[in-house]
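We're numbering straight along the sequence, starting at 1. Treat the numbers as computed from the prediction; the structure is a model and nothing was measured.
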Amino acid sequence: PGQPADTSTLYHITFQHTTNNSTRICAVFYCLFTKYMFLSSPVMCAYQRPQQRTEAKKGLQFFLQMLCCSKMTQKTRVQTERICIMLTGKTIILGVTGGIAAYKAANLASLLKKQHADVHVIMTKNAMEFITPLTFETLTVNKCLTDTFDRNFKFEVEHVELAKKADLAIIAPATANVCAKLAHGLADDMLTTTILAAKCPKYVSPAMNTNMFENPIVQDNIKKLEHYGFHIIDPASGYLACGDTGAGKMPEPETLFSYIMKDLACEKDMVGKKVMVTAGPTQEKIDPVRYITNHSTGKMGYAIAENCMRRGAEVTLITGPVAITPPPFVKVVPVVSAADMAAAVKETAEQQDIIIKAAAVADYRPDHPVDEKVKKKDGDATLTMERTEDILSYLGAHKKPGQFLCGFSMETEHMLENSHAKLAKKNADMIVANNLKVAGAGFGTDTNVVTLITADDCRELEIMSKADVASAIVSEILKKMC
């Protein structure tokens, strides 16, 4: 309410209204705003009985009526959750060939569909021995293509039309047989004819027995595919279905999904730019057992690094100790202490076009850490602390012409005043400020509430997922650099 709708965002809305006769009307539904219309569908899985489904539809209709007539009142509560969908409008071909890993392709299709991609699965004849077309048709809501000469067809030459429409094609798993066909331009089924006709980015995930994969003939075919512009996703190593151990496993669907997201999720407006992001906490040693740290989880910094990577930047992520997996396709430099982070930052800072300091670096450390455990004694103990190096101040003092420096400021009071002062004192180009006391902001959450502060602007953002906040921060940086 009161905010412009984002056409790349699905909204999960909980609506509750109390009428004058105290009748409560409730509805839970997803909606997608487009330029010309409002699309919505009730969440039927939440309503098992016909009567409940009817009530949900009534609630949705009532909500739309009130929205159109501007009749929202104090008796109306609307809770909106933004759900980022990055593949809306993208058409993806998923080729499935006859390997035991074919079952994993169903999970990949599901991941793509959840991002609102238009997924078209093409199966080889052998693939249907491992998994049925019905599985993919259920997941993608598209006909699974298996036969080049299917008589139940549209007027267009189907493999050519799909090849023209596709934004990306991926074959997972790709058997040695299909790799050989594509490498030598053989097109004898629906999959190979479509892939050879496609001009979009094409990914191949070889999956086979280790000895087959290491065979020089297969390796030559894979090199030929690379030569002709195919992107090869290296297989994982481990225990194979045949009982052997080694390379040849198809990577997990989440890994394959990350390749697709890297290619399609964002506009490539950072190609050629080098970005350094710091993230997470630091740990300052007291003794071999104890250390001083803070509550940072690294989620914000990791989201920024991932967003920059998806936009085409070359990203270096310098991270303190965290419990989350770093984003793929970035250079990760793990550090522990504030001194470690300062050294790592100084080593590569001069090469960067953009530096985003999202890490929560300790301001103080014990002045005399010891190598043996400090034993408990009667009475109080005193720990003497000393200042750590101010990394943001160093970067501001040594900033090269054209380099953009962004720092973070977490406050509990006087947020704007303190952040404006930090911007000037550190010679930064932007400060991302947030208040730990604001609901939805701060450490450990999946959301954040930030204010973007520059010398000539101060823009407060609504509560968003940290992925959305990361996108907003990077977009603002690019705008300021123009």
In Å and rounded to the nearest 0.5 Å, what is the [atom1] to [atom2] distance from [X] to [Y]?
X      : Y      : atom1 : atom2 : result
Leu225 : Ile232 : CG    : CD1   : 5.0 Å
Phe257 : Lys114 : CZ    : NZ    : 9.5 Å
Leu383 : Arg365 : CG    : CZ    : 13.0 Å
Asp446 : Met464 : CG    : CE    : 15.5 Å
Cys242 : Ile100 : SG    : CD1   : 10.5 Å
Asp468 : Ile473 : CG    : CD1   : 11.0 Å

More than 12 heavy atoms of other residues, nucleotides or ligands under 6.0 Å from [atom1] of [X]: is that the case?
X      : atom1 : result
Glu226 : CD    : yes
Gln283 : CD    : yes
Lys224 : NZ    : no
Glu386 : CD    : yes
Lys223 : NZ    : no
Lys400 : NZ    : yes

Exercise. Check the pair Tyr302 / Thr319 against side-chain contact (heavy atoms from CB on, under 4.5 Å), numbers first and verdict last.
Key: CA-CA 9 Å; Tyr302 277 44; Thr319 174; 2.8 Å; yes
Any idea which heavy atoms bring [X] and [Y] closest together, and the distance?
X      : Y      : value
Gly280 : Val322 : CA-CG1, 3.8 Å
Tyr103 : Ile131 : CA-CD1, 4.1 Å
Ala109 : Thr140 : CB-CG2, 4.1 Å
Ser409 : Ser419 : OG-OG, 3.1 Å
Ala172 : Ala105 : O-CB, 3.5 Å
Cys179 : Ala174 : SG-CB, 4.0 Å

Quiz item: Just one of Lys274, Met481, Met276 clears the side chain to side chain contact (heavy atoms under 4.5 Å, CB included) bar with Ile354, so which one?
Solution: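 The passing option is Met481.
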Mark yes or no for whether [X], through its side chain, and [Y], through its backbone, hold a donor-acceptor pair below 3.5 Å.
X      : Y      : result
Asp371 : Pro288 : no
Asn215 : Ile217 : yes
Lys466 : Gly301 : no
Gln403 : His398 : no
Asn427 : Gly396 : yes
Arg459 : Thr451 : no
Thr293 : Thr282 : yes
Gln219 : Phe213 : yes
Lys268 : Cys266 : yes
Lys249 : Ala236 : no

Would you call [X]-[Y] a salt bridge at under 4.0 Å N-O?
X      : Y      : answer
Asp353 : Lys273 : no
Asp390 : Lys426 : yes
Lys480 : Asp429 : no
Glu252 : Lys104 : yes
Glu476 : Lys479 : yes
Asp263 : Lys90  : no

Practice problem: Taking the six-membered ring of Tyr291 (Phe, Tyr or Trp), confirm whether the NZ or CZ of Lys285 is under 6.0 Å from its centre and within 45° of its axis. | Solution: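 Verdict for Tyr291: no cation-pi partner in Lys285.
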Exercise. Compute both the distance and the angle, then confirm whether Lys346 meets the cation-pi test with Tyr394: under 6.0 Å from the six-membered ring centre, within 45 degrees of the axis.
Key: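 Here Lys346 passes the 6.0 Å and 45° test against Tyr394.
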Any side-chain heavy-atom pair from [X] and [Y] closer than 4.5 angstrom?
X      : Y      : value
Glu372 : Asp287 : no
Lys331 : Val315 : no
Ile170 : Leu256 : yes
Ile292 : Ile286 : yes
Leu112 : Ile260 : yes
Val361 : Ile391 : yes
Val449 : Leu461 : no
Leu452 : Val450 : yes

Ignoring hydrogens and angles, state whether a donor on the side chain of [X] or [Y] is under 3.5 Å from an acceptor on the partner side chain.
X      : Y      : value
Ser258 : Arg310 : no
Asp340 : Ser337 : yes
Thr135 : Thr132 : yes
Glu411 : Asn418 : yes

Practice problem: Please test Val277 against Thr316 for side-chain contact (heavy atoms from CB on, under 4.5 Å), starting from the C-alpha separation and ending with a verdict. | Solution: CA-CA 6 Å; Val277 181; Thr316 299; over 6 Å; no
Practice problem: Before giving the answer on side-chain contact (heavy atoms from CB on, under 4.5 Å), spell out for His120 and Ile92 the whole-Å C-alpha distance, their side-chain angles and the decisive distance to 0.1 Å. | Solution: CA-CA 6 Å; His120 293 264; Ile92 297 173; over 6 Å; no
Quiz item: What is the ring orientation for Phe443 with His295, classed by angle as parallel under 30°, tilted 30 to 60°, or perpendicular over 60°?
Solution: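 Taking His295 first and then Phe443, their aromatic rings sit tilted (interplane angle of 30° to 60°).
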Quiz item: Can Leu94 and Leu108 be said to form a side-chain contact (heavy atoms from CB on, under 4.5 Å), step by step?
Solution: CA-CA 9 Å; Leu94 172 57; Leu108 177 59; 3.8 Å; yes
Quiz prompt | Stepwise side chain to side chain donor-acceptor pair (under 3.5 Å) check, Thr454 with Asp456 | solution = CA-CA 5 Å; Thr454 58; Asp456 57 0; 3.1 Å; yes
Practice problem: Apply side chain to side chain donor-acceptor pair (under 3.5 Å) to the pair Thr348 and Glu350, showing each step before the final yes or no. | Solution: CA-CA 6 Å; Thr348 58; Glu350 191 175 351; over 6 Å; no
